[in-house]
Protein chains: 2
Amino acid sequence: MATIADVARIAGVSLSTVSHVLNGTRFVRPETEKAVRDAIAATGYTPNSLARSLARASTNSVGIAISAVSNPYFSDIIRAVESECAALDMTIFLADTHDIPERELQVVQALHQHRVDGIILAPSTTSSERSVTYLRENKIPAVLVDRLVSAEFDQVGVYNAESVERLVDHLVGLGHRRIGMVPGQPGFATTLERIAGYRSAVARHGIDAEDDLIAPGSIDIDSAADSAEGLMRVAHPPTAILAGNNLATIGVMRGLRRGGFAVPRDVALVGFDDFDWADSFEPRLTVVAQPCLDIGRVAANLLLERIKDPDKPPTTTRLQTSLIVRDSCGSHLRRPASPNRDRNA
Amino acid sequence: MATIADVARIAGVSLSTVSHVLNGTRFVRPETEKAVRDAIAATGYTPNSLARSLARASTNSVGIAISAVSNPYFSDIIRAVESECAALDMTIFLADTHDIPERELQVVQALHQHRVDGIILAPSTTSSERSVTYLRENKIPAVLVDRLVSAEFDQVGVYNAESVERLVDHLVGLGHRRIGMVPGQPGFATTLERIAGYRSAVARHGIDAEDDLIAPGSIDIDSAADSAEGLMRVAHPPTAILAGNNLATIGVMRGLRRGGFAVPRDVALVGFDDFDWADSFEPRLTVVAQPCLDIGRVAANLLLERIKDPDKPPTTTRLQTSLIVRDSCGSHLRRPASPNRDRNA
DNA sequence: TTTCAAATGGCTACCATTGCCGATGTCGCC
DNA sequence: GGCGACATCGGCAATGGTAGCCATTTGAAA
């Protein structure tokens with residue numbers, strides 16, 4: 001593998017000149033530049049990014065610490081971040097936190113050791129966890145996505161409570177007064193906010209709010225399925241279920257099907273997070289959709305700003321969700337008194 | 001940020017000794033080692049991976065060049081690769097090819113410049129494309145996944161033709177004799193193999209094989225939807241449709257719905273690739289499922305072997321798919337003469 | 001001849017690794 | 001007490017590209 005020294009030797013110039021030609025950091029005569037470029041072509045030289053990053057003290061890369069595994073919802077975010085960064089010739093380190101705090105810390109440390117310029121993190125647990133502490137103590141430019149746990153960092157998420165309230169409003173508008181909830185991952189900031197939104201909406205409408213209507217948090221599809229089955233076995237089972245995220249939604253459907261319940265005939269269902277197949281398969285789900293691409297875009301831009309200016313005050317951004325009404329509540333069957341067939345925020 | 005020199009100074013030893021303590025590369029007295037470790041703790045020193053990689057000429061990282069964006073099928077593969085690599089303390093560079101040859105080359109070059117130890121690539125086009133040439137010319141350890149385009153590399157994929165043949169067999173077993181196909185991305189090796197499998201099976205059964213039964217390749221969900229609508233408008237529309245991959249399946253459903261056709265009432269549907277929601281939403285799809293986790297696992301291990309021994313002969317691995325029979329062909333309605341309700345390979 | 005500018009060379013710090021050679025120090029043995 | 005054997009560790013160099021600084025060379029203008 002050719003080095004810059006080889007290029008310099010063949011071009012008959014100094015190391016400095018080759019470097020300056022490569023980076024445009026000072027003027028060189030057109031003839032000299034051509035000699036250098038010819039030598040580069042002849043040797044097939046490509047700069048060693050490691051040495052370059054070492055000297056520049058900047059790697060032109062960002063790390064994404066996210067649970068890309070269990071959460072398909074993140075792939076759109078990653079996609080948007082990748083797209084923004086690629087436009088600026090930055091590369092992406094992807095590391096999977098598996099949503100386990102311990103692993104999350106390891107992953108953040110690994111990214112730091114690789115000297116990424118900044119980190120986008122979806123923190124697993126609620127408050128100042130070790131990984132967040134690590135970011136703060138090492139002054140690593142960072143943006144938190146999805147779960148907003150610390151206002152000392154730049155953060156991007158959605159209005160979780162309000163979105164759930166809109167789902168509850170929708171159900172109440174259709175006449176439902178016993179609404180069950182199958183939340184997402186227990187302990188996550190998003191989960192807590194969404195449960196709070198549920199409680200708030202239910203209280204506002206003055207309808208049933210027994211604790212047995214809220215299932216425990218679900219860690220995967222199957223536990224959500226179990227929760228749904230459990231919900232339908234209580235004394236007065238709900239007439240509608242609200243699923244706390246994409247995996248919970250699939251799980252609830254699986255559980256209901258297993259229990260012999262049809263949606264929306266036996267029970268209505270609304271979900272948090274949309275799917276691109278949701279308009280083609282039955283039951284066509286009524287959901288609130290997150291602007292995943294926007295989240296990723298905003299996160300990437302916030303991070304790049306933060307890298308440029310590490311001392312600017314951190315901002316927390318919440319984006320709007322969209323209520324997409326389809327058929328999973330039977331709203332096309334039993335029309336309510338107050339029709340609210342809104343399609344968008 | 002502390003450097004190894006700071007540690008050496010505080011511990012009162014040489015640079016060499018600190019390095020040897022860190023890497024266990026030569027014996028040091030327990031007292032000396034303790035002094036070094038104390039100094040590391042005191043300074044909060046973490047080695048600079050860049051300098052380390054530069055000196056070692058190995059980055060302990062692998063690059064994944066894949067279209068993670070448009071293809072959710074790859075997330076399981078990425079997950080498996082990440083898992084295997086994490087166990088060996090290797091990190092992952094993720095770069096998105098967007099399945100565009102030009103971008104694919106850029107991405108491979110970027111990974112190479114970052115001096116990854118090896119690359120896992122899902123090549124977009126059929127034969128020796130520029131990115132594959134680049135890998136070969138620069139002798140980069142590499143494994144090709146999904147689309148098997150060059151036996152000079154290690155490769156991992158599935159039996160595409162055979163899998164499609166099983167789907168056709170299943171349909172024929174149910175009495176279908178006009179079977180349409182909506183293939184995946186045009187030009188991809190997988191697509192060509194799956195079309196070949198379709199043609200072969202159709203010929204073997206001696207049933208209709210007009211060219212208008214094979215739609216053009218679909219680049220996304222919507223183009224697959226258009227293809228499905230188109231298929232249903234031909235003179236003698238098919239009684240069953242075979243979708244060439246996950247996106248095509250969703251697209252076909254969307255198109256059929258738009259055209260007012262119900263599955264399986266008006267037309268049967270089988271798909272390539274399974275979904276984790278497919279057992280809960282209607283129509284419950286009959287599909288062949290790829291062992292994505294295994295593909296990723298095998299790919300990671302092949303790459304690590306290849307890095308260790310760059311000169312061993314390349315191997316091509318094809319894995320078995322599983323036929324999962326559900327309800328999207330109406331097999332639960334009109335039982336055929338020969339019942340083949342097989343659930344697995 | 002002096003003066004000046006243009007163009008480029010040379011140098012250095014950045015940082016950890018690793019093998020090699022050399023410099024101590026220590027111990028046992030005669 | 002002197003000598004060899006060995007344990008332990010220091011010093012050095014090469015690996016790489018960057019970017020700013022100063023020095024140098026060359027040619028042209030004054």
Side-chain angles (χ1 to χ4, degrees), chain A residues 1-40 43-61 89 91 109-110 112-117 138, chain B residues 1-40 43-61 89 91 109-110 112-117 138:
Chain A
M1 167 125 301
T3 73
I4 200 172
D6 301 326
V7 175
R9 194 166 26 77
I10 291 176
V13 299
S14 72
L15 294 180
S16 302
T17 300
V18 178
S19 174
H20 287 301
V21 166
L22 281 169
N23 301 290
T25 33
R26 83 177 173 196
F27 180 83
V28 291
R29 265 193 312 156
E31 305 96 281
T32 313
E33 176 166 349
K34 181 172 186 321
V36 171
R37 300 219 175 273
D38 288 348
I40 290 175
T43 53
Y45 165 76
T46 51
N48 184 323
S49 320
L50 295 172
R52 166 174 281 178
S53 298
L54 183 61
R56 282 211 257 233
S58 151
T59 51
N60 247 19
S61 65
D89 262 320
T91 35
Q109 288 176 333
H112 182 215
Q113 279 187 27
H114 277 267
R115 297 297 189 274
V116 293
D117 294 340
N138 293 86
Chain B
M1 168 123 301
T3 72
I4 201 172
D6 301 326
V7 175
R9 195 164 26 77
I10 291 176
V13 299
S14 73
L15 293 180
S16 303
T17 302
V18 177
S19 176
H20 286 302
V21 166
L22 281 170
N23 301 291
T25 33
R26 87 176 171 196
F27 182 81
V28 290
R29 265 191 312 153
E31 305 95 279
T32 313
E33 176 166 351
K34 182 172 185 323
V36 171
R37 300 220 175 271
D38 288 348
I40 290 175
T43 53
Y45 166 76
T46 49
N48 184 323
S49 318
L50 295 172
R52 166 174 281 178
S53 299
L54 182 61
R56 282 211 258 236
S58 152
T59 51
N60 248 17
S61 64
D89 264 319
T91 33
Q109 287 175 333
H112 182 217
Q113 281 187 25
H114 277 266
R115 296 300 191 271
V116 293
D117 294 340
N138 293 86

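As a basis for the values below, the full set of heavy atoms in this structure was taken, side chains included, without hydrogen atoms, waters or symmetry mates. Letters go in sequence order (proteins before strands), and every chain restarts at 1.
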Distance in angstrom units between [X] [atom1] and [N] [atom2], rounded:
X	N	atom1	atom2	answer
A:L54	C:dT17	CG	C1'	13 Å
B:N60	C:dT17	CG	P	12 Å
A:L15	C:dA13	CG	C1'	15 Å
A:Q113	C:dA16	CD	C1'	12 Å
B:I4	C:dA16	CD1	P	5 Å
B:E31	D:dT8	CD	C1'	11 Å
B:R52	C:dT17	CZ	P	4 Å
B:F27	C:dG19	CZ	P	18 Å

Which part of the nucleic acid, if any, lies within contact of [X], taking any heavy atom under 4.0 Å across all strands shown: a base, the sugar-phosphate backbone alone, or nothing?
X	result
B:S19	base
B:V18	nothing
A:T25	sugar-phosphate
A:L50	nothing

On a heavy-atom basis, which atom in A:L50 and which in A:N48 lie closest, and how many Å separate them?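 Closest heavy-atom pair between A:L50 and A:N48: N-OD1, 2.8 Å.
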Which nucleotide wins on minimum distance to the side chain of [X], given the candidates [options]?
X	options	value
B:T32	D:dT18, C:dC15, D:dC9	D:dC9
B:R29	C:dA16, D:dT18, D:dC9	D:dC9
A:A55	C:dC15, C:dT17, D:dT18	D:dT18
B:S16	D:dC9, D:dC12, D:dT18	D:dC12
B:R26	D:dT18, C:dC15, C:dC20	C:dC20
B:V28	D:dC9, D:dA19, C:dG10	D:dC9

State whether B:E33 and B:R37 are salt-bridged, where the test is any N-O pair (Lys NZ or Arg NE/NH1/NH2 against Asp/Glu carboxylate O) under 4.0 Å.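 Salt bridge: yes.
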When B:T43 is tested against each of B:T3, B:D38, B:V7 for side-chain contact (heavy atoms from CB on, under 4.5 Å), which residue passes?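 Between B:T43 and the candidates, side-chain contact (heavy atoms from CB on, under 4.5 Å) is satisfied uniquely by B:V7.
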Does the B:S19 side chain pair with the main chain of B:L15, one donor and one acceptor, at a distance under 3.5 Å?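 Side chain of B:S19 to backbone of B:L15, a donor-acceptor pair under 3.5 Å: no, none is there.
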Under 4.0 Å from OP1 or OP2 of [N]: is there any side-chain N or O of [X] that close?
X	N	value
A:N23	D:dA19	yes
A:R56	D:dA19	yes
B:N48	C:dA16	no

Contact nearer the 5' end of DNA chain D, comparing B:A57 with B:S14: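 Looking at DNA chain D, the more 5' nearest nucleotide goes with B:S14.
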With side chains defined as the heavy atoms from C-beta onward, is the minimum distance between B:R56 and B:N23 less than 4.5 Å?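 Yes; the side chains approach each other to less than 4.5 Å.
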Ignoring hydrogens and angles, state whether a donor on the side chain of B:S49 or A:H114 is under 3.5 Å from an acceptor on the partner side chain.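 Result is no, nothing qualifies.
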